[in-house]
Every structure is written in C-alpha cells, then in structure tokens.
Amino acid sequence: MGSHRRLAPTGFDKGAVAALGLLSAAAAALGAVPAGTAAAAPHDDTRAEVDRLYEEAEQATEAYNKADEKADALRQKVTTAQDRIARQQERINTMREALGSLAGAQYRAGGLDPALALLFSDDPDDYLDKAAALDRINAHQAGQLRELQTAMRELAQERAEATRALGELEKSRTAVARHKKTVERKLARARQLLNALAPAERAAFDRASRSGRTDLPVLAGGVPASGRAAAALAAARSALGKPYVWGANGPSGFDCSGLMQWSYAQAGVSLPRTSQAQRYAGRQVPLSQARPGDLVVYRSDAGHVGMYVGNGQVIHAPYPGAPVRYDPVGMMPVASVTRV
C-alpha cells in the first residue's frame, strides 16, 4: 500500500482533526474566496493527511503480518509438540507394560539391604523367590528401565516446551488483534477524508499518487535476472487489477508484501511475509542496475515493496481502493533493491 509520504508523521488525532478543520473552513469560505484557491488548500492538506494515515496503516499492516506469521509458526510448533508428547506417552506406557512386575519389584526392594530384608520378611521363602527373580533381570531389562526413566524426563521437557509455546502463541494472538485494530482505525479515517473530497480532487489525488522523483538514474528495460524472476514477474502481472486487501497474500487480493510473496511462490521460491524481511531475501543491488523481477523496497522503514518490471516502472499493491497496478519506480523514496 503505497502513496507519497513526504511529510514527517504527526500525531494521528491531531493531524486528522486539523485536516477536517481545514476542509470545513474552506467550505464555509467558498462565497468569499475564488473557487480555485478554495479547492487547492483542502486538497493539499487532505492529501498530506491521507498519505500519513496510509503510511502509518502500512506500518501497522506489516506489524500485523509479522505477528500473524509468528502465530502461524507457533501454532505449528504447539501441534508438533503435542504430537511428540502423545507418541512419547504411548512409548512410556508400552515400556511400563513390558517391564511390568519386575520394575515394581526392583523399586520395592532397592532401598533395603538384602540381609535386613530377609531378616524382617514374614515369609523367607517368598522373599528368596523374589530375590531370585530380581537377579534374573538381565542387562537388557536394566537398560529398559534406564530407557523408561529417560523417556519420562523427555516427556516432562516436551510438556514444559509446549506450555511455553502456548504462552507465546497467546501473546502473538494479542499482538495480531492490536495491530488489526490500528490498521482498521487509520484506514477508516483515510476513507472518511477521501470521501469528503470533490470528484476532481479525488482524481487529482490519484494522479499525485502516481507521480515520482525526477532525479533517479536512467533505468533500461532489461531482462529478468533469472528464470524464476521471469516466472514471478509473470505471476505479478497476472494479478493486475486485483484489489488491495490489507493482510492478504492472494490470490484474490493482496497487500504489498503479500503480492511479492505470492508472485515468487508461483515461481517456486518462498519469500518471508513482510517487506522488512523481503528486503534481505536476496542480494541487494544498486537501483541503477535493477532488472525485472527485482524487489524494490521503499522508505527507511522498508514499509512498502514492489517488483521492478523495467523501463522505470514497478508493479505493486498500492493502498486500499487502488488495485494492483504499474507505477513509477520513484513514486516514493527507494530504500533498496533486492535480487531474489
């Protein structure tokens, strides 16, 4: 979800209220101020505020993706641990059954000197029979006892690890919910501001979101760096026109990093879920050497990512309401270019 974020972020509530106040003041002054002047001020201020909200929502979206990815990994970890615990418990039960009364006899007789045990025994013949049985526990059976003790220790460790993983999973779920609320709140505010614009101002906002820097190096069309880059680029192009859906990674909707992950998955390459992690998913190259299929990461926080397609263009999932599309590579500050 990308747009031009040239102004430093300010407080959410303060900026939003200020933008609305400017819109109201401009509307009240329409009778006294020329139409062009009245329209320009609210458009510029609203655009800056919407840009800021989109940027903050994008950062929260990437945090949501990261927390959700962690939750998925933890769920798998818990499931695996539970499976291991069940198998270990079954193994212990089998060993206990195999050892049976011999293990119990060894335990009962192990703490008392044999001579004293014989002295205090009510039935010396019975005691001698038991002692003879214990003597018949061979090395294999003793090894089985040691194996049982080891298995029980491992089971306790597995249960402790599963308990820790469940605690981490609950924390991650809480983080997911928190980031989701942040995204939804900021996107709702941005929609409210955009809906207050006149149609001409909305069109101007969309045109501005496609503008780019003019001081970038000259970029040639080029060819993909590899066969998998070409396959990923073809997949990304097949998603043109699909809606931006925050937190989604296809195939019916995408956020920015979700589109990159899905596109490279079609080429048999597994990418991390977030743009911050995708930045380091390959070798970084200068922008002047960008080739189709390279990942172009934006802003110092690596909060947005697109795929270079050649001729100074990227394909990306910009922001809510803007479908997957082509835009100038310089639409916002480029942080790095990664060749997967």
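In this text, all values refer to a predicted model and were calculated from it rather than measured experimentally.
For the residue pair Ala267 and Arg228, the shortest heavy atom distance occurs at CB-O, 3.3 Å. Annotation for Ser238 and Trp262: closest pair OG-CH2, 3.7 Å, computed over non-hydrogen atoms. In terms of heavy-atom proximity, Ala317 sits nearest to Leu259 at N-CD2, 3.9 Å. Residues Val324 and Ala236 share a closest heavy-atom pair of CG1-O, 4.5 Å. The two residues Glu49 and Leu193 come nearest to each other via the heavy atoms CG-CD1, 3.3 Å.
For the residue pair Gln76 and Thr80, a side-chain donor N or O sits within less than 3.5 Å of a side-chain acceptor on the partner.
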Pair Val314-Met331, side chain to side chain contact (heavy atoms under 4.5 Å, CB included): steps then yes or no:
CA-CA 9 Å; Val314 294; Met331 61 186 172; 4.0 Å; yes
Verdict with supporting geometry, His316 and Asp327, side chain to side chain contact (heavy atoms under 4.5 Å, CB included):
CA-CA 8 Å; His316 68 137; Asp327 272 326; 2.7 Å; yes
Could you walk me through whether Gln59 and Arg299 satisfy the side chain to side chain contact (heavy atoms under 4.5 Å, CB included) test, starting with their C-alpha distance in whole Å, then the side-chain angles of each, then the deciding distance to 0.1 Å, before giving a yes or no?
CA-CA 11 Å; Gln59 291 167 348; Arg299 301 197 312 264; 4.1 Å; yes
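Under a 4.0 Å N-O distance rule, the pair Arg52/Glu56 qualifies as a salt bridge. Using a 4.0 Å cut-off between charged side-chain N and carboxylate O, Arg87 and Glu90 make no salt bridge.
In terms of the side chain to side chain donor-acceptor pair (under 3.5 Å) criterion, residue partners of Asp72 (sequence neighbours excluded) are, by chain and number, Arg75. Take Asn93 and apply the side chain to side chain donor-acceptor pair (under 3.5 Å) test, not counting sequence neighbours, and it matches Gln89. In this structure Arg84 satisfies the salt bridge (charged side-chain N to carboxylate O under 4.0 Å, His left out) test together with Glu158, sequence neighbours excluded. Shown here are the ring-ring contact (aromatic ring centres under 6.0 Å, His included) partners of Tyr264, two or more places apart in sequence or in another chain: there are none. For Arg164, the side chain to side chain donor-acceptor pair (under 3.5 Å) partners two or more places apart in sequence, or in a different chain, are Glu161. For Ser226, there are no side chain to side chain donor-acceptor pair (under 3.5 Å) partners, not counting sequence neighbours. By the side-chain contact (heavy atoms from CB on, under 4.5 Å) test, Pro286 pairs with Ser288, Gln289, sequence neighbours left out.
Linking Ile, Leu, Val, Met, Phe, Trp and Tyr whenever their side-chain heavy atoms come within less than 4.5 Å puts Val309 and Leu240 in one cluster. Residues Val245 and Phe254 do not share a hydrophobic cluster, defined by chaining ILVMFWY side chains whose heavy atoms lie under 4.5 Å apart.
Residues in residues 310-323 take part in no salt bridge (Lys or Arg N to Asp or Glu O under 4.0 Å) pair, two or more places apart or across chains. Screening residues 64-97 for ring pair (Phe, Tyr, Trp, His ring centres under 6.0 Å), with sequence neighbours left out, gives Tyr64-Trp246. Applying the side-chain hydrogen bond (donor to acceptor under 3.5 Å, both in side chains) definition to pairs two or more places apart or across chains, those involving residues 330-340 are Arg279-Ser336, Asp294-Arg339. Within the structure, every pair that satisfies the salt bridge (Lys or Arg N to Asp or Glu O under 4.0 Å) test and touches residues 261-278, not counting sequence neighbours, is listed here: Asp255-Arg273.
Using a 4.5 Å heavy-atom threshold, the side chains of Arg237 and Tyr326 count as touching.
Grouped with Leu166 in one hydrophobic cluster are Val78, the linkage being side-chain heavy-atom contacts under 4.5 Å among Ile, Leu, Val, Met, Phe, Trp and Tyr residues.
Annotation: the span from Asp301 atom CG to Ser275 atom OG amounts to 7.5 Å, rounded to 0.5 Å.
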